[in-house]
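Chain naming here is simple, since letters A, B, ... match the order of the sequence lines and numbering starts at 1 in each. The figures that follow rest on heavy atoms only: side chains count, while hydrogens, waters and symmetry mates do not. These figures come from a predicted structure and were not determined experimentally.
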2 protein chains.
Amino acid sequence: MSASKRDELVQKALKAFYRDGFHALGMDALAKETGVSKTAIYKHFRTKEELILATLRLRDEQFRNWMIRRVEALADSPRGRLLAVFDVLAEWFAEPEYRSCMFIKASSEYQDRTHPIHGVAAEHKKLLLAYFEKLAGEAGAKAPKRLAGQILLLKEGAIVLAHLHDPDAIVADARAAAEDLLKAAGV
Amino acid sequence: MSASKRDELVQKALKAFYRDGFHALGMDALAKETGVSKTAIYKHFRTKEELILATLRLRDEQFRNWMIRRVEALADSPRGRLLAVFDVLAEWFAEPEYRSCMFIKASSEYQDRTHPIHGVAAEHKKLLLAYFEKLAGEAGAKAPKRLAGQILLLKEGAIVLAHLHDPDAIVADARAAAEDLLKAAGV
DNA sequence: AATCTCCGATACTGATCGGTAAATGTAGAA
DNA sequence: TTCTACATTTACCGATCAGTATCGGAGATT
C-alpha cells in the first residue's frame, strides 16, 4: 500500500469512527467501507487502537488548521478573533454530519487517564487552549490564561449542547457569554 | 425478582456502565458483576437498550436530586446558589470514580438524535437548564433564559475538561466566569 | 405428602469481535 | 518463460456479542 493509500485509509476511517463510534465500528465493517481488506489494514497498523490513534492525530491536525484558518479569515484583531471562534463553531454545528467532538467521544469511550487515546484527546484541547491564550495575550487581557480557559469552557460546553439541543440558540448564548467575559477581562 | 432486587440491579448496572461504557460492557460481564443471571435480567428488560434507558432515568433522578440538594445546602440566595453550582461540581470532580457525565457519554455512543437514549440525555440537560433558569429569575437577572444557558454551557464545558485536564483549575476558571456573567446580567 | 407452578441458572444460538495463517494474484528480473 | 518477492484476498482462529430454550429446584396448593 502506498503512502497516499494509507492516508486515504486513515481519512476514511476517521469519517467512519466519527459517525459510528469507536467500539461500535468493527474492523470488518471498516474494511468493507474503506475498500481496504483487514489484512492490508493490519499491515500498517498493529492493532485497532493504533489505527484509532492515527485517525485522532489526523483529526487534531485537520481540525485545528481549519478552525484557526477560519478564525483568522473572519476577523483581524485578537479580540475579534476570540469572538470569531463562536462564528466558526456555528459553521461547524450547521454541517449535517455534525456529531459533537471526536476527542470528547474518544475520551468518553477510553476513559482511563493513562490510556494513549485519552492522552491524545487531552493534548488536542491543550493545543487549542494555547491558541486561545495567544489571542488573549495579544488582545491585552488582564489574565490571558484565565480568559483562554474560559473561552475553552464555553467552546466545549457549546460542542456538547449543540449535539443535544438547538445549535443556533447554544452558539448565541456562548458568543454573548464570551463578549461579557472579554469585557470583564478588560478587552 | 422483587422490585427492590430490580432497583438494586439497575443501580449496579448504572455503576458498571458509567465505569466501562455502554458498548464496551457486555451483558455476560454485567450479569457476573451484578450477580443477576442474564435470564433474570431479560425477564425485566426486553433488550440491553431498555436496561440502559432505565439506568439513565435513575441517574437523571439521582444526579439532579443530589446537585440541587447540595446547591441549596451551600447557599441561601439565588445568586449564591448559581455560584454554588460550581462548588458542587468541584465536589463531584474530586471523587476518584469521576469519569465525566453519563449523559454526555450516552449521547456520544448513541448519536442519532432520534435514538431514545439520545433523547433521555437531551432531556436531562433541559431539566437542569430549567433549574438554572428558575434561579436566574429569582436572582433578578436581566435575561434569565440566557444566563441559565450560559451557566449550563460553563457546567458542561467544565465536566468535559475536568475529565481531561486538572479539575481544580477548570472549576476555578468556570466559577470566575460565572461571577462575571452574573455581574453582566445585573445580578 | 404429592402435585403444580413458576423463577432463574446453565448452556446454548448465530453473528460478530479483533486478529492471523495460508493461499492467490501480480509485478519485475533473469 | 520462469523464478522471485511482495501485496492482497479468502478463510479461518478462539472469544465474546445480544438474546433464548431448556431444565432443575423451591414454594405454594391440595
Scan the side chains in residues 176-187 of chain B for donor-acceptor partners under 3.5 Å anywhere in the protein, sequence neighbours excluded, and list what turns up.
{"unit_1": "B:Glu179", "atom_1": "OE2", "unit_2": "B:Arg175", "atom_2": "NH1", "d": "3.1"}

What pairs of donor and acceptor atoms, side-chain ones from residues 147-162 of chain B against any protein atom, are under 3.5 angstrom apart with sequence neighbours left out?
{"unit_1": "B:Gln150", "atom_1": "NE2", "unit_2": "A:Asp173", "atom_2": "O", "d": "3.2"}
{"unit_1": "B:Glu156", "atom_1": "OE1", "unit_2": "B:Lys125", "atom_2": "NZ", "d": "2.8"}
{"unit_1": "B:Glu156", "atom_1": "OE2", "unit_2": "B:Lys125", "atom_2": "NZ", "d": "3.3"}

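Using modelled atom types, no side-chain atom of B:Glu72 and backbone atom of B:Arg81 make a donor-acceptor pair closer than 3.5 Å.
Whole-Å rounding puts the B:Arg6 CZ to C:dC7 P distance at 15 Å. The distance between atom CG of A:Leu9 and atom P of D:dT8, rounded to the nearest whole Å, is 11 Å. Rounded to whole Å, the distance from NZ on A:Lys43 to C1' on C:dA22 is 12 Å. Whole-Å rounding puts the B:Lys32 NZ to D:dT16 C1' distance at 12 Å.
Annotation: salt bridge (charged side-chain N to carboxylate O under 4.0 Å, His left out) contacts of A:Lys145 (sequence neighbours excluded): A:Glu133. For B:Glu49, the side chain to side chain donor-acceptor pair (under 3.5 Å) criterion is met by no residue, not counting sequence neighbours. Every residue two or more places apart in sequence or in another chain that forms a side chain to side chain contact (heavy atoms under 4.5 Å, CB included) with B:Leu127 is listed here: B:Asp60, B:Arg64, B:Glu123.
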- Protein heavy-atom contacts under 4.0 Å, written 5' to 3' over nucleotides 10-21 of chain C as B (base), S (sugar-phosphate only) or - (none), form the string B------SBBBB

